[in-house]
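Heads up: numbering here begins at 1 and tracks the sequence. Everything quoted here is computed from the prediction, not taken from an experiment.
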Amino acid sequence: MTILSPALPRFSASPRIIYPLSVARLCGLGVWQGQFLSLDRFQGYVVQIDPDTDNVRILNNQQVDLFRDSNSLTVGDDILWFTKGTRIYRCDLHTWEVTYVAEVKDRAEGIAVAGNTLYVSNARLGLIYVVSATQGNTITQFRAPGVGQEYLVVQGEDLWVCDDTEQTVYCLDRATGQQRFSFLTPFEHPSGLNFLPVSGEDHQPQPQLYVLYSGEQPYIQDDPNGYEPLRLANRDRSLIQALHYCYDPDRHYALSHGYRLELSYVEELAPLDPVTLEDVEWRIALPSTTNRQRVVSVEPFGLPYTLEEQDGERVAVFKFPQLTEVDRQVFGWRAVIETYGIKYQLLPKDVDLTEEFSEAFKAQYLVDNENLAMDTDVVRMAAKEAVGSETNPLRQILSIRDYVYDHLSYRLTTHIDNPDVVLQRGTGSCGEYVGVLLALCRLNGIACRTVGRYKCPQPPDQFHQPLYPDYNHVWLEFYLPGIGWLPMESNPDDVDYGPHPMRFFMGLAWYHAEIGRGLPFERVFSQGTNIKELPGAMSIGNLAVNHVRFRILGEIAPHPDSFPNSGS
C-alpha cells in the first residue's frame with residue numbers, strides 16, 4: 001500500500017505559496033470557514049488568511065493583549081483553542097468570550113482537538129498530553145516524536161505533528177502515539193500544519209496537507225543616515241505551502257516535496273605554478289540516480305567529454321594531450337535533476353542479521369582504504385566506547401553518530417586530517433566528521449561509504465535565480481543487511497544541543513545533490529598516474545578554479561512512479 005497526498009502536476013514551474021503580509025512570526029494553523037487561522041504571538045493577533053489571495057484579517061482587533069505571548073492555536077467547529085504558558089483556553093469565535101480549560105506540567109505548546117479530546121505538546125519534557133476538553137484532566141500522555149517544539153492537528157484517526165527543529169512531519173496513531181511514518185519538510189522551521197480540501201485527480205475533494213513556516217530571512221537594509229548605508233539584516237517571514245508526500249511501507253521510506261534543479265559544475269583551467277602534464281585525463285563524477293534523485297539530462301559545458309561507468313556511477317572524462325601553465329579552458333557539465341526529501345522508516349528488528357558480505361564488498365567498504373587511521377589506539381578505543389555492548393547494526397550506527405556528535409565541534413578547515421588527529425583535537429569539518437564516522441563504523445563491521453557533493457542554497461522559493469553554494473559538502477551512507485544503503489548527515493547541522501535531531505539519520509533533504517556515490521568526485525591523471533602521486537605532487541586546486549551554480553526550476557510532487565523498481 002502506498003500512502004499519497006493529492007499530487008501536483010509532474011512538474012510545476014509556478015507554484016502557489018501563501019505569503020501573509022503584515023504579520024511577524026506566525027505559529028499554529030487552524031481552518032475556519034474555508035480559510036486559515038494563525039497566531040502572531042508577538043503582537044497578539046489572531047489572523048484569518050485567505051489561501052487564494054494572501055489577504056490577512058485581524059479577528060481579535062480589540063483583544064490582542066489577551067493573546068500576546070500565546071504559544072499556538074487550533075480550531076474545532078466554531079471554537080478556537082489556544083495555549084499560553086502552562087494553560088489551555090477556549091474562545092468562541094463569534095462572541096470572543098475566553099474560558100480557562102486546563103493546565104499541564106511545565107509548558108503547553110502545540111495543540112490539536114478532536115471532539116472532546118485535546119492533544120498538547122511540550123518540547124522540554126518531550127511529551128504529548130491527552131487532555132479532556134470538558135473535565136480538564138490529563139487522560140494519558142505519550143512521547144513526542146521529535147526533539148523540538150511541535151505543532152499538532154488531528155485528521156481522522158491520525159495525529160499529525162510537525163517539529164520545528166527536526167524539520168519533519170510525523171503521522172501518529174492518535175490513540176497510542178505510535179508513529180506510522182514521517183517525512184521531511186522543504187523549508188526550515190515548520191510552525192503549524194492543517195488540512196484543506198482540494199480537488200483530486202478524480203475531481204473529488206481530498207484533504208491536502210498545508211504547513212506553516214516561520215523564521216527569518218536575510219536582506220540588504222538601506223540606511224542612508226547610518227554608519228553603514230547598506231548592511232545585512234534579518235526580518236521575520238512566514239509562509240504557508242501545500243506539502244506533498246508519498247509513503248511506501250514495503251520500501252520502508254517516504255518521499256516528500258521535491259524540486260527540479262539545474263546544477264552546473266565547471267572547471268576554469270588556470271595553473272598557479274609552472275607545470276607541464278602529458279596525456280591528461282580529467283575525471284569528474286556526474287549526478288547519481290538514487291531512491292530520491294532522478295537525472296533528467298546531462299550535457300557537456302565548454303568542452304566535450306567521454307562518458308564512462310564505474311561501479312554503477314557515471315563519470316565525465318575530459319582528455320588533453322598536454323597541459324601547461326599557459327593553457328586556459330573551461331569545461332564541465334550541466335545537469336537537470338529532480339530531488340525529493342527522503343526519510344526511511346526502519347526499526348532494529350528490520351535488519352537481516354543473517355546476511356553475509358562478499359570478500360569484494362568487505363575490501364571496498366570495511367577496510368582502511370581512505371587514510372582512516374583504523375589501526376591507531378585513539379580510533380580503536382573510540383570505536384569500542386561508541387557502541388558499548390550493543391550488537392544490533394542499526395542501534396550501533398546511531399550510537400556511533402551520537403558519540404561523534406558529542407565529541408566533536410564543527411569548524412571549517414582547508415585540510416582534511418586523519419580521524420585520530422580529529423578525535424584528539426575535538427573539532428572538524430564535514431569531511432573530517434565523515435572520516436571519523438567511517439573509521440568507527442568499519443571497525444564495528446558496519447559497511448559505509450562517502451557521498452556528496454553540494455547542497456543547493458535555500459530557501460526553495462527562489463525560482464530561476466542563480467544560486468551559488470559557499471562550500472562543497474560530504475555525508476555518508478551505511479549499509480543495512482536486508483535493506484541496502486541508507487543516508488546519514490555528517491555533522492549536527494548547526495544544532496549543538498542534545499538530544500540530537502533525527503531528521504538526517506536515514507534521511508536527506510531535497511537540497512542534497514548526490515554525485516558519484518562511493519567514488520572520488522574529481523581526479524586528474526597524467527600518463528595514467530594520479531597527479532597527487534607524481535614527483536612534486538600537486539592538487540586540482542593548483543590547476544583550476546571550480547564554479548558551481550544551481551537554479552531551482554520548479555516543484556515536483558512524489559507519487560508511486562517516483563519510487564524506482566529496485567532500491568539503490
If you look only at pairs with a residue in residues 404-424, which of them pass as a salt bridge (Lys or Arg N to Asp or Glu O under 4.0 Å), with sequence neighbours excluded? D417-R425
Does anything in residues 457-471 form a salt bridge (Lys or Arg N to Asp or Glu O under 4.0 Å)? List the pairs, not counting sequence neighbours. R237-D461
Can you label the angle between the F361 ring and the W485 ring as parallel, tilted or perpendicular, going by 30° and 60°? tilted
Y454: partners by ring pair (Phe, Tyr, Trp, His ring centres under 6.0 Å), with sequence neighbours left out: none
Kindly indicate, with the supporting measurements, whether the criterion side-chain hydrogen bond (donor to acceptor under 3.5 Å, both in side chains) is fulfilled by S214 and S238. CA-CA 4 Å; S214 296; S238 294; 3.0 Å; yes
Steps toward side chain to side chain contact (heavy atoms under 4.5 Å, CB included) verdict (M538, V524): CA-CA 10 Å; M538 65 187 71; V524 178; over 6 Å; no
Between L347 and L394, is the side chain to side chain contact (heavy atoms under 4.5 Å, CB included) condition met? List the steps. CA-CA 8 Å; L347 297 172; L394 185 56; 5.5 Å; no
Going through the distances and angles, do Y305 and E299 end up as a side-chain hydrogen bond (donor to acceptor under 3.5 Å, both in side chains)? CA-CA 9 Å; Y305 60 70; E299 61 182 5; over 6 Å; no
Apply side chain to side chain contact (heavy atoms under 4.5 Å, CB included) to the pair T339 and L261, showing each step before the final yes or no. CA-CA 8 Å; T339 63; L261 309 174; 3.8 Å; yes
Chi angles and distances behind the ring-ring contact (aromatic ring centres under 6.0 Å, His included) call for F318, W333: CA-CA 11 Å; F318 299 88; W333 47 257; 9.6 Å; no
Any chance the side chains of E514 and S288 put a donor and an acceptor closer than 3.5 Å? no
Check: H252 ring centroid to Y344 ring centroid under 6.0 Å: no
Against the six-membered ring of W282, is R523 placed for a cation-pi contact (under 6.0 Å from the centre, within 45° of the normal)? no
How about R549 and L467: do any of their side-chain heavy atoms sit closer than 4.5 Å? no
Hey, mind stepping through R294 and E338 against salt bridge (charged side-chain N to carboxylate O under 4.0 Å, His left out) and telling me if it holds? CA-CA 5 Å; R294 185 175 80 93; E338 293 181 342; 3.1 Å; yes
Audit row: I400, L437, side chain to side chain contact (heavy atoms under 4.5 Å, CB included) steps and yes/no: CA-CA 7 Å; I400 291 170; L437 288 165; 4.1 Å; yes
Any residue meeting side-chain hydrogen bond (donor to acceptor under 3.5 Å, both in side chains) with E267, in chain and number order, not counting sequence neighbours: Y265
The criterion is side chain to side chain contact (heavy atoms under 4.5 Å, CB included); which residues satisfy it with S182, sequence neighbours excluded? T168, Y170, Q179, K343, Q345
Could you walk me through whether E489 and R503 pass the salt bridge (charged side-chain N to carboxylate O under 4.0 Å, His left out) test, one step at a time? CA-CA 9 Å; E489 185 55 280; R503 63 183 183 270; over 6 Å; no
Determine whether Y213 and P186 make a side-chain contact, defined as any pair of heavy atoms from C-beta on separated by less than 4.5 Å. yes
Decide salt bridge (charged side-chain N to carboxylate O under 4.0 Å, His left out) for E477 and R517; before the verdict, give the C-alpha distance in whole Å, the side-chain angles of both, and the deciding distance to 0.1 Å. CA-CA 9 Å; E477 290 181 328; R517 296 195 308 168; 2.7 Å; yes
Are Y259 and W510 near enough that their ring centres are under 6.0 Å apart? yes
Would you indicate whether the side-chain heavy atoms of V169 and F181 approach each other to under 4.5 Å? no
Would a line drawn from the ring center of Y253 to the ring center of F183 be shorter than 6.0 Å? no
Give me each pair satisfying salt bridge (Lys or Arg N to Asp or Glu O under 4.0 Å) with a member in residues 394-404, each pair once, sequence neighbours excluded. E390-R395
Before you tell me yes or no, could you show the steps for F320 and F331 under ring-ring contact (aromatic ring centres under 6.0 Å, His included), namely the whole-Å CA-CA distance, both residues' side-chain angles and the distance that decides it to 0.1 Å? CA-CA 11 Å; F320 305 90; F331 57 95; 5.2 Å; yes
Is it true that N369 and R442 share a donor-acceptor pair across their side chains at a distance under 3.5 Å? yes
Is the distance between the ring centroids of Y245 and W160 under 6.0 Å? yes
